[in-house]
Amino acid sequence: MRKLVFNQKKKTKEENVKKLEKFFVCHQSQFLFLLISFVSLTFLSELSYLNLFLVRSFIFFLLWLFSIFLFKLSGRFSVKLALFLLCLGSLLSIIKREKLAEGMGNLIYEILLIGVIQEIAGYFKEVRGRHKKLLR
Amino acid sequence: MTKRQVVTDLIIIFLLGLVVLLWYPGKDFLVVGHDVGYPLNPLNFFKDLFFVWTQNIGLGTERATGPSAILIHSIEVIFSWLSGSIYWGQRLVFIFWFILPGFFMYAWVYSIPTFKKYRFMPLIASIFYMFNHFQIQGWGVAWRTRFSVYAVLPLTFLIMEQCLDKKRGILQSGFLLAISLFFLNAGGGFGLPLFGSLIISSGLFCIYLTLLEWQKSGIGALKRSLYLVSLTLFLLIIFNFYWILPFFHYTFANYSQKLASAGGGSGVLPWIEVISKDTSFINLFRLQGFSSWYDNLKHPYSNLFLNDPILIFSSFFWSLLAFAGILLAREKERKQVFFFPFLILVAMVFAAGSHPPSGILYEAFVKYIPFFAVFRTPFYKFGSAVWFAYAFLISFTANKLFEKFNRRWIYNILSGIFIIFILLYSYPFFTGSFFNWNLPLTTMVKIPDYVFNFGKWADSLKSDERILMLPPLNANWGADTYNWNYWSLSTLPTLLTRKSVITNSNGLGKREKILINALYDSLWQKNESISKELISILNIKYFLLRKDFFYNLDWCPSASPTGWQTQVGDLNWIKPEHEFGEWIVYRLEINELLTHFYIPKEFTYIQGDTSALVDIISLKNGGDEGGFYLTNEAASLGNVGNSELVFVIGQLEKCLLEERIIKLPEIRFFPDSLFYPLVEWKERRWEKKIRSFNDPDQTINLDLGLATKRLAEVEKLLLEEDEKRDGETIAWIVKKSMQDYQTRFEEISYLVGEIMKDGRDINNVLLLIGDYFRKYEDVFNEVRGKSINIDMRIRFENAIWGLEDFLDRNKSQKCTSEDRVRKYTINIPRGAEYELFVENERFTNYYLQDPLSPIVFKLDGELATKSGEVQNNDWILADKIELNQGEHHLAVILPEVKNLVEKEDLYFGQEGEKRKMISLPINNFDDTGLYKISFSYKPSDEYKAKFVVSQDTDKKNEELGGYKHSLDAVLSDRLLPEVYEAYFRPDSGAKQAALEFTFEVSKRGGDTLEVKNIKVERIWTPTIILKIVNAEAKKVQVAQKIPQIVYRRINPTKYEVEVKEAKEPYTLVFLESFHPAWEAKIVDGFSSKPIPEARHIMANGYANSWSILPADSGGQENYKMTIEYWPQKLLYMGIIISGLGFIGCFGCGSWFLIRRRKQRRKM
């Protein structure tokens, strides 16, 4: 029985790895785009005066925005990630890594902003759809 | 939810509001001091708010914001009256403000049908809204104005949502919104910035609801919102017209001046930075970020929240709960639940102020959006919106999670536990420790009974004479403080009585402060004649000596009350009148005491400013019911009748012997930037405009400005480690900037030569250029060591040579007061014989011989040496001279000054010496003096040498370590002899100062430094006065002819003066601070004739006066006059408009109701 459970677990693990592999294979172009974006943004941030705007947190913001569009991530995903990062932030604060925690706070803000706007936009769409349905 | 449950909840909120009673350690404690501003006599204070001029602050001042605070202070009056005691009154007021936000929050959450199924949601939301750290901070100073906005926030949401959801009509909603904002108006006036959070949150909510409704009903939604907003604004303006009118009159007249005094839009940025120091997003997510929490070991509770791991985690718990709501919201709940996280994120940008990463945006708002600078404490102005949104979301998520257990009793228990957790997290509410803002100072104090007794006595005084507080306040803080732990920038008597109780507080204007400080000085020095004259013109009848004054507070020290008691006790005309415990009132028995309105027997005309008045009083050695007319324009004194009392003050050329402080501008774009062409385009436009004037002075200014910019580019590039640019780019930028600098420099040299050729006065231009060029020299000396190639080094060396050469060449051309020569310009109003008075030297031990015996001076180029005649000990009559009308130049030559340091030469770099510091104390040091420091030095290469002037008041440099010094210089490492010269003005209160030389050899070793001729000289500049001697002039004997007056005070803004036997022209002086809005009118039956504005002039350096001619009264000798502060009429007008608005609204409302009822009956 125990062996069976172990085998099942092993199977699930293998399946997950396969799924992940499949995900990477299916989204190669998206990952490539993200990589190119990252490299170009990093390069642009080295140029004088563009470095005023393209700070690290803004590059992250842009990359996260691209990811949302490329992988069709939902607003809920962003919120969940932000909540996870908040927990990490609390640990950083507890161990007195204030600078890191502050940087984490900025990331959380950006992720939440995108997530919340996505959710609101989705809600508006839903309301309109529901209303059209009613009118029909 | 049943009605019973609602009543239970409301009772719980009310009971929790009684926590206020726990704060008071005893029955006779009150929350006062700091920024609390709680009146100790609410009714008296309230009455004063009905006037836009108050006698309560300084020597009388405009208070256009008074009427706007009527409603907020009316609550204090009502509760004090109901309870019959100030103590219970305050407790009731605080309970009211504590529970009001809770009630409105409850009402709003309860009103949303979707959430009615969550039994504890309204209660948890309202408890969190009342008990949180933002509120704790507010309660520390009982910030009632902020509480009013905090309370009205949920109410606005309630009304707005019901209206936009079409559950309530637009008219009714608009009226309700306007009336709510009318009653809870944040104190109006200066409290308006507190509406920042309300504007952001309600504005966003309105847009959100409109867009949402748009999905259903299209453009109709937008119309409805616009109608609601327009109607609300219209009614709000009408209802508040009573204070808007005087306030906006005041604001438009003073905004730019007030903003400029704060340093302009950019000037408030440093303060915003202080407030936003800790408002990072992570801190805001933790519902923290209060500027007073961090780096403050004395804070009563913050250290626990910042260091305890459990509390740190708990602080993140709120955000986890709030944002988890998004994941838990069901379809119908999404409307509110999706909006509030968005509100949090938007409000955070504003609450974070100038803190990165969004700080740049806030700074831009402050700089470029008109009036945005009023939000100078962003965290406190926008924080309410963040806490409001959190309160809603937290209560939602908590209820949602508890409901998941599907058992009523578990839901109830968990809700109860959660409420307890909220209360425990805000535990300072139960200890009251938040009042201890800097122990022993606290806002929870036990005010001694004698303070109230004094207040009663002061209010019983019938006359308008003033009371002067002793000892004076600390000059830097201007704070009133007592050893019973009170400290505030508002003096205690302003909260206690309507009488004018004055001191050197921040409520005084600049001119008034000069006079009051001069009075304190003369009293301390027991100079009776000056004291009496100043007392007389300031209209002071009593002194109030406070023996409980906290004079030895380490960071806010002042003079001891015992010392002052001894000083005043020695003067026989100061008699003790009353003793109220630790407070003693002295009556001043002097003949010269003037009434609030008087007609001077003689008028003294002075060409100078208020500070000159004290000198003239000292020279005149007292006066007799006189008046003083001061002007800076000689022409105004050209025709002042036959008076012999005309004085002219010599204006020192380049008043202070200090240099202007030249600051390099902030550089954003360098020549290699894509945006630099924009900078160049802007500069070219500016240059074209200036050159079109064809004025060499203006062109020099332009060149100086642009050269300074170029230099700032070079400095920033070389001194701030630039890792992003390679050496070649840096060299190219420096070359480009230096080329432009050189062109500007050459043009300046050329223009100076041209001006000289024309024979025009170049003195001021040379002084200005000198100050700039010395700054340039410093910058070049700094950047020289950072040169990255030989070409750059040569450019810098050449620039330094050029500057030195220019300064040396033009040194002789400059006409400025120098070390031993003081040069004055005298503008003589009319040709006559004048007596020349020179101020006697008061400081011994500074000169090698008596500096004014004999007096050596040069008048219009003619040298004279006079023995002089000492008058009143303070003045020396140097000579009698005939002077023509116009400008004259006088130079007084002083003898050599003593060197105040003992060693004149120092040598550094003896064998084996790697680092050495030598300190030379300044002898006979006095913090009121100005010192010139000079020495020459001969350095060797590459060593490090520093020179500073240290004082016992120097503060620690938090950023760089060590101390911040007034003078701090790195000595040049060029191999040539250098001369160092600087002027040093000590910090107020400094008792010791010393020159400190620090020397450090380079790694190579063998460096030396020779410092020679070290000199510290005290700079003293005698005041020069010229008094007219007119053979024809006779003292105007008007004693018998001056009219008799009797005055009656109607209110603080209106007086009635009865004039009898006015046969000749006279001047009526009104001893209230000068303001152009005071108007004098001669009443003739039902009509009145105003005295022309041109004859309303400032007398006695601060007061109002009107010169009145017989023609003004149409030849009548006996008549009545009214003296009125006219903006008060704006208040009356506003009250009428607001009143009519109210009547109109209620009338319309009633008519609609009646009509609706009739229609219903018909149906």
Quick check: are there more than 12 heavy atoms from other residues, nucleotides or ligands sitting under 6.0 Å from NZ of B/K277?
yes
Interatomic spacing from CZ in A/F124 to CG in B/L212 - rounded to 0.5 Å
5.0 Å
Tell me whether the count of non-hydrogen atoms from other residues, nucleotides or ligands lying under 6.0 Å of CZ in A/F43 goes above 12.
no
So, A/R128 side chain and B/Q215 main chain: donor-acceptor pair closer than 3.5 Å or not?
no
More than 12 heavy atoms of other residues, nucleotides or ligands under 6.0 Å from CZ of A/F84: yes or no?
no
Does atom CG of A/L32 have more than 12 heavy-atom neighbours from other groups under 6.0 Å away?
yes
Please flag which part of B/I360 lies under 4.5 Å from any non-hydrogen atom of chain A: side chain, backbone, both or neither.
neither
Anything under 3.5 Å between a donor and an acceptor, one on a side chain of residues 336-346 of chain B, the other on a protein residue two or more places apart or in another chain? List them.
from: B/Q336; atom 1: NE2; to: B/E161; atom 2: OE2; distance (Å): 2.2

Heavy-atom neighbours of A/F60 CZ exceed 12 at 6.0 Å:
yes
Once you round to the nearest 0.5 Å, how far does CD1 of A/I120 lie from CD1 of B/I326?
8.0 Å
Heavy-atom contact with chain A under 4.5 Å, split by part of B/F323:
both
I need the minimum non-hydrogen distance between A/Y123 and B/K335, along with the two atoms involved.
OH-CB, 3.4 Å
Between A/S90 and B/I312, what is the shortest heavy-atom contact and its length?
O-CG2, 4.2 Å
Listed by number, the residues in residues 93-118 of chain A that come under 4.5 Å of chain B (heavy atom to heavy atom) are A/S93, A/I94, A/K96, A/A101, A/E102, A/G105, A/N106, A/I108, A/Y109, A/L112, A/L113, A/V116, A/I117
Salt bridge or not for A/E119 and B/R334, using N-O below 4.0 Å?
no
Heavy-atom distances under 4.5 Å only: say whether B/F317 touches chain A with side chain, backbone, both or neither.
neither
Which atoms of B/D308 come close to chain A, meaning under 4.5 Å heavy atom to heavy atom: side chain ones, backbone ones, both, or neither?
neither
